[in-house]
Amino acid sequence: MKIDIKNLTLSQLVEEFGKFDLPSFRARQIFKWIWQKGIKDWELMTDISKPLRTRLAERYSIGDLKLKARVGSAKEGAVKHLFELAGGERIESVWLKDGTRRTVCVSTQVGCSLGCEFCRTAGMGFVRDLTAGEIAGQVLAISKGQTERITNVVFMGMGEPFLNYEASLNAARILNHDLGLNIGARKITLSTVGIVPQIREFAQEPEQFKLAVSLNAADQETRERIMPIAKRYPLKELIPAVVEFTEIKGKRVTFEYVMLKNINERRKDADNLIMLLAGIPCKINLIPFNPYPESKFQAPSEVDVVRFREWLMPDLPAVTLRKSLGAAILAGCGQLAASSLNEKEK
Ligand code: SAH
């Protein structure tokens, strides 16, 4: 089988070409054709000789994502994209506008194995990991349909990036490279449910990619109830790993906190959160739960959200509130893929 050239970072491509005595400038040329110009056909790479193009085409494929549907509009601030992979599986990615930021939220797996109780993707179960090319390819495909430059990428779509670590990291490298999509490392965030060994590994990587941790509850009992993975990686192991990350990188971490009515948004939850995060250089991102047709939780009211934030503020000042951008088009976090899969099954 041919190797999909889109799965290789530039340094991997240089190494791969080295096996055939192809100079590194060839790798750079081709990387640019693919990631900057979005070319999918060897024949269009006009600065490469015909015989070399033929040789390359025999050995490598250039993977592609088929855009099946787009919901929402740039004016509304969110556009959900449904892509079909080579094997027919479907994934979703979202383009979001917020001030001057243009963010793409990418999926890292088809489905997810973690079964978080409030997450729509969980209902699909796990299908397969995405490749690096498929992950970075979502941003490329979306950027080609847009006139505005994409400034930020968050790995917060379907799946768990730290259970598909190598592909996710390589995708981040491709997106970051100045011959690739040239998105600053500090503008690329990997979001994890809290897979402790990979948090440690991520802290050792040379790039300045950012880390977000989906905390969602500040006590072990509640966290286990809504996120089964918390049993395997309890708070008493997770928090020290996150602290270690902030120390090694000298950077803040973001804790995401999905607010579920009567579950994790009471006064005592705010107090627990303050105790748990005291002294950790962090930002807290409160995300009001996005309900979906079969969900078992309720969204907090606006009053609940503002009140919770006020409880936190004196001790944890860096609290941001995520607007439910995209909720209307079922593009909110954790709402990806299932709706379109249902359509497919009909
Ligand atoms: N597995 C990774 C990335 C995907 S989830 C992670 O857990 O971080 C991205 C974010 O969406 C997480 O913070 C998750 O808690 C949140 N989320 C999932 N379902 C949601 C829902 N229905 N409403 C609001 N946020 C949700």
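Both counts, for ligands and for their atoms, begin at 1 and track the order of listing. Note that the coordinates shown come from a computational prediction; the quantities given were computed from them, not determined experimentally.
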Exercise for review: Check the angle between the aromatic planes of Tyr60 and Phe17 and answer parallel, tilted or perpendicular using the 30° and 60° thresholds.
Suggested key: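 Aromatic pair Tyr60/Phe17 classed tilted.
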
| message | Tell me whether the rings of Phe209 and Phe202 are parallel (<30°), tilted (30 to 60°) or perpendicular (>60°). | response |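 Rings of Phe209 and Phe202: parallel, as their planes differ by under 30°.
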
Side chain, backbone, both or neither: which applies to [X] and ligand 1 if a contact is any heavy-atom pair less than 4.0 Å apart?
| X | answer |
| --- | --- |
| Glu256 | side chain |
| Val258 | side chain |
| Asn216 | side chain |

Does the distance from a Lys or Arg side-chain N to an Asp or Glu carboxylate O, for [X] and [Y], drop under 4.0 Å?
| X | Y | result |
| --- | --- | --- |
| Arg266 | Asp269 | yes |
| Arg225 | Glu117 | no |
| Glu92 | Arg120 | no |

So is Ser295 touching ligand 1 or not, going by heavy atoms under 4.0 Å?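 It does not, in that no heavy atom of Ser295 comes within the 4.0 Å cut-off of ligand 1.
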
**Within-shell test, Gly159 vs ligand 1, heavy atom, strictly < 4.0 Å** =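 Per 4.0 Å heavy-atom rule, Gly159 contacts ligand 1.
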
Run the numbers for me: atoms of ligand 1, each under 4.0 Å from some heavy atom of Thr192, listed by number.
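Here the atoms of ligand 1 in question are 6 (C), 8 (O).
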
By number and element, which atoms of ligand 1 are closer than 4.0 Å to a non-hydrogen atom of Gly157?
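Those atoms are 4 (C).
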
Review point. Backbone or side chain, does any N or O of Phe118 fall under 3.5 Å from an N or O of ligand 1?
Key: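 Yes, there is a polar N/O contact under 3.5 Å.
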
Atom 12 (C) of ligand 1: which of Pro291, Ser214, Ala122, Gly194 has the nearest heavy atom?
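Of the listed residues, Ser214 has the closest heavy atom.
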
Is a donor from one side chain sitting under 3.5 angstrom from an acceptor on the other, for Thr131 and Asn7?
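Their side chains do contain a donor-acceptor pair, which is all the 3.5 Å distance test asks for.
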
Against the six-membered ring of Trp35, is Lys6 placed for a cation-pi contact (under 6.0 Å from the centre, within 45° of the normal)?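 Checked: cation-pi criterion met.
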
